Undergrad: 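Input: one structure, supplied below.
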Amino acid sequence: MLLEGKVGIVTGVGMGMGEAVAKRWAREGSRVIGTDVNDEAGQAAIETINAAGGEAYYIHADVASEDDWQAISAYAINELGGLHILHNNAAVHYWFDSINDPMEKWDQMMAINLRGVLLGCRYAIRHMITAGGGSIVNTSSVSALHGVPLQGLYGSTKAGVINLTRSLARAYGPQGVRVNAICPGAIDTPMLHAAAAEAAELYSNENGPTGSQGGSGPSLDGGRLGSPEEIANVVTFLVSEEASYVSGVFLPVDGAMMA
Ligand SMILES: NC(=O)c1ccc[n+]([C@@H]2O[C@H](COP(=O)([O-])OP(=O)(O)OC[C@H]3O[C@@H](n4cnc5c(N)ncnc54)[C@H](O)[C@@H]3O)[C@@H](O)[C@H]2O)c1
């Protein structure tokens with residue numbers, strides 16, 4: 001097993017990629033703390049892990065809340081004996097009209113998608129330094145790697161995640177902390193389907209946004225969507241000792257969308 005003896009935190013465990021990662025980590029021998037703001041979905045995911053013989057704990061936590069990060073990192077360290085691996089997965093997506101939408105939308109998404117990742121890294125790295133090391137995977141997006149008309153906000157949060165990841169990797173590599181990012185492409189999760197439905201509605205409106213929403217799509221296997229489990233494979237590899245010399249990368253997992 002790749003993660004025997006580890007204690008890990010996965011944010012946004014209730015569905016999609018976070019759920020798949022938590023399940024995989026538990027199968028690889030890690031004890032997992034899963035967090036979410038959707039308690040029903042989060043608790044259900046954790047119950048499935050425990051019913052399958054894993055050891056997982058659900059804690060309500062908003063990634064944008066510093067108090068919540070304090071509580072979950074303290075739980076990991078004091079109750080489970082450490083914090084070895086962290087997956088900053090949780091984020092929100094909505095389309096954003098950069099010149100007309102209210103700035104509150106900008107502040108809200110920045111707080112969750114970027115500030116939330118920084119908070120997780122801060123609490124984890126402070127402990128990992130004293131513990132002699134650890135490994136973090138942050139979730140960026142292909143939206144960080146190119147321009148999309150209504151993703152000036154989402155893409156900026158995800159581009160921020162990449163630079164934060166690289167900076168932290170260089171800053172804390174000397175103390176044994178590895179920090180990597182993944183850039184998922186089109187992955188079959190509730191977020192993708194909600195975003196696609198919302199975009200179709202926006203673009204069907206004659207007063208809707210200008211500019212093409214399209215760009216390149218996935219290429220692999222006739223352009224199919226990726227699965228959450230295919231993301232979990234990569235995240236698990238990156239946090240494990242199999243990737244002991246990999247730090248500071250931002251890895252597209254996108255079926256050649258950005259190739
Ligand atoms: N689905 C895609 O195609 C795609 C592509 C590129 C990147 N991503 C990124 O991958 C990650 C996972 O996305 P997904 O598609 O599985 O999303 P999802 O919406 O299907 O699931 C996200 C989970 O995070 C939780 N969450 C939302 N806000 C939270 C908060 N403030 N605190 C804690 N939990 C919160 C939600 O309740 C939900 O359970 C996100 O960072 C997303 O931006 C997704």
Side-chain angles (χ1 to χ4, degrees), residues 9-24 33-46 48 58-69 71-72 86-96 107-120 123 136-146 148 151 153-162 164-165 181-199 213 215-218 223-232 234-235 250-255 257-258:
I9 295 175
V10 178
T11 66
V13 76
M15 61 192 77
M17 298 180 222
E19 181 181 8
V21 168
K23 286 179 175 168
R24 177 67 190 277
I33 296 171
T35 72
D36 210 295
V37 288
N38 180 339
D39 293 333
E40 200 180 329
Q43 254 149 7
I46 296 300
T48 310
Y58 177 72
I59 301 180
H60 173 97
D62 180 344
V63 291
S65 159
E66 184 157 9
D67 289 348
D68 288 358
W69 273 111
I72 51 176
L86 165 65
H87 181 34
N88 280 310
N89 158 79
V92 291
H93 179 280
Y94 40 83
W95 305 102
F96 182 73
D107 295 339
Q108 184 188 34
M109 192 186 285
M110 279 287 169
I112 297 170
N113 290 15
L114 184 52
R115 187 171 180 275
V117 171
L118 171 64
L119 284 172
Y123 280 90
I136 298 174
V137 174
N138 297 325
T139 297
S140 176
S141 168
V142 290
S143 302
L145 307 177
H146 68 158
V148 178
Q151 282 192 333
L153 168 55
Y154 181 77
S156 295
T157 67
K158 294 300 188 178
V161 168
I162 289 178
L164 179 62
T165 299
I182 56 165
C183 297
I187 311 300
D188 192 356
T189 70
M191 178 185 283
L192 180 87
H193 295 291
E198 201 190 331
Q213 196 59 27
S216 50
R224 69 173 172 86
L225 299 179
S227 71
E229 291 72 26
E230 286 174 302
I231 296 296
V234 177
V235 174
F250 51 103
L251 179 65
V253 189
D254 66 348
M257 186 191 279
M258 288 290 118

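What you are looking at is a predicted structure, and each value in this text was computed from that prediction instead of being measured. Numbering of ligands and ligand atoms starts at 1, following listing order.
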Undergrad: Find the distance between CG (Asp188) and CD1 (Ile231) and round it off to the nearest 0.5 Å.
TA: 11.5 Å

Undergrad: Could you grab the distance from atom OH of Tyr154 to atom CG of Asn113, nearest 0.5 Å is fine?
TA: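 Nearest 0.5 Å value for the OH-CG distance: 6.5 Å.
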
Undergrad: Is ligand 1 less than 4.0 angstrom away from at least one heavy atom of Glu19?
TA: no

Undergrad: Can you name the atoms of ligand 1, numbered from 1 with element, that are less than 4.0 Å from a heavy atom of Pro190?
TA: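 Counting atoms of ligand 1 from 1, those under 4.0 Å from Pro190 are 20 (O).
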
Undergrad: I'd like to check which ligand 1 atoms, numbered from 1 as shown, lie under 4.0 Å from a non-hydrogen atom of Asp62.
TA: 30 (C), 31 (N), 32 (N)

Undergrad: Sort out for me which residue in Lys158, Met258, Met257 forms a side-chain contact (heavy atoms from CB on, under 4.5 Å) with Leu145.
TA: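 Option passing the side-chain contact (heavy atoms from CB on, under 4.5 Å) with Leu145: Met258.
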
Undergrad: Nearest protein heavy atom to atom 27 (C) of ligand 1, by residue and atom, and its distance?
TA: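 The answer is Ala91 O, 3.8 Å.
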
Undergrad: Going by side-chain hydrogen bond (donor to acceptor under 3.5 Å, both in side chains), Gln151 matches just one of Ser143, Ser156, Ser141. Which one?
TA: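 Answer to the side-chain hydrogen bond (donor to acceptor under 3.5 Å, both in side chains) test with Gln151 among Ser143, Ser156, Ser141: Ser143.
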
Undergrad: Assess Gly185 for proximity to ligand 1: is some non-hydrogen atom of it under 4.0 Å away?
TA: yes

Undergrad: State if Ile112 counts as touching ligand 1 under the rule of any non-hydrogen atom under 4.0 Å.
TA: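 A heavy atom of Ile112 does come that close to ligand 1.
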
Undergrad: Record the part of Asp188 in heavy-atom contact with ligand 1 below 4.0 Å; permitted values are side chain, backbone, both and neither.
TA: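 Neither part.
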
Undergrad: If you have a sec, work out which protein heavy atom is nearest atom 28 (N) of ligand 1 and how many Å separate them, to one decimal?
TA: Val92 CG1, 3.7 Å

Undergrad: With a cut-off of 4.0 Å, which atoms of ligand 1 are near a heavy atom of Asn89?
TA: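 Going through ligand 1 atom by atom, the ones under 4.0 Å from Asn89 are 11 (C), 12 (C), 40 (C), 41 (O).
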
Undergrad: Where is the nearest protein heavy atom to atom 15 (O) of ligand 1: which residue, which atom, and how far?
TA: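 Going atom by atom, the protein heavy atom closest to atom 15 (O) of ligand 1 ends up being Thr189 OG1, 2.5 Å.
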
Undergrad: Which residue owns the protein heavy atom closest to atom 19 (O) of ligand 1, what's the atom, and how far is it?
TA: Met191 CB, 3.3 Å

Undergrad: Around atom 37 (O) of ligand 1, find the nearest protein heavy atom and jot down its residue, atom name and distance.
TA: Asp36 OD1, 2.6 Å

Undergrad: Which atoms of ligand 1 sit under 4.0 Å from any heavy atom of Asn38?
TA: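 That gives atoms 37 (O) of ligand 1.
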
Undergrad: Give the atom numbers and elements of ligand 1 that come within less than 4.0 Å of a heavy atom of Thr139.
TA: 9 (C), 10 (O), 11 (C), 41 (O)

Undergrad: May I ask which of Asp39, Asn113, Ile187, Val161 has a heavy atom nearer to atom 3 (O) of ligand 1 than the others do?
TA: Ile187

Undergrad: How many angstroms lie between CG in Asn89 and CG in Asp36, if you round to the nearest 0.5 Å?
TA: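 Those atoms lie 9.0 Å apart.
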
Undergrad: Enumerate the atoms of ligand 1 whose separation from the nearest heavy atom of Ser141 is less than 4.0 angstrom.
TA: 6 (C), 7 (C)

Undergrad: Against ligand 1, does His93 come closer than 4.0 Å with any heavy atom?
TA: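 False for this residue.
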
Undergrad: Quick one, Leu118 and Leu114 - any side-chain contact, counting heavy atoms below 4.5 Å?
TA: no

Undergrad: Where is the nearest protein heavy atom to atom 13 (O) of ligand 1: which residue, which atom, and how far?
TA: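 Checked against all protein heavy atoms, atom 13 (O) of ligand 1 sits closest to Met17 CE, 3.9 Å.
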
Undergrad: What atoms of ligand 1 come closer than 4.0 angstrom to any heavy atom of Ser140?
TA: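 By the 4.0 Å cutoff, the relevant atoms are 7 (C).
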
Undergrad: Taking side chain as C-beta onward, heavy atoms only, is Met109 less than 4.5 Å from Val92?
TA: yes

Undergrad: Testing the 3.5 Å rule here: is there a donor-acceptor pair between the side chains of Asp39 and Tyr58?
TA: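 Note: Asp39 and Tyr58 side chains meet the donor-acceptor criterion.
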
Undergrad: Within the 4.0 Å heavy-atom shell around Gly16, which atoms of ligand 1 are there?
TA: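 Those of ligand 1 that fall under 4.0 Å from Gly16 are 16 (O).
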
Undergrad: Starting from atom 21 (O) of ligand 1, find the nearest protein heavy-atom neighbour and note its residue, name and distance.
TA: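 Minimum-distance protein heavy atom for atom 21 (O) of ligand 1 reads Met15 CG, 3.4 Å.
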
Undergrad: Out of Ala195, Pro228, Ala90, Gly226, indicate the one that has the non-hydrogen atom closest to atom 34 (N) of ligand 1.
TA: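 Nearest heavy atom to atom 34 (N) of ligand 1 lies in Ala90.
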
Undergrad: Does ligand 1 have any atom sitting under 4.0 Å from a heavy atom of Ala186?
TA: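 Per 4.0 Å heavy-atom rule, Ala186 contacts ligand 1.
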
Undergrad: Can Val37 be said to touch ligand 1, with heavy atoms closer than 4.0 Å?
TA: yes

Undergrad: State which residue, out of Thr139, Ile9, Ile136, fulfils the side-chain contact (heavy atoms from CB on, under 4.5 Å) condition with His87.
TA: Thr139

Undergrad: For atom 42 (C) of ligand 1, which protein heavy atom lies nearest, and how many Å away is it?
TA: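 Of the protein heavy atoms, Tyr154 OH, 3.5 Å lies nearest.
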
Undergrad: Any heavy atom of Ala61 closer to ligand 1 than 4.0 angstrom?
TA: yes

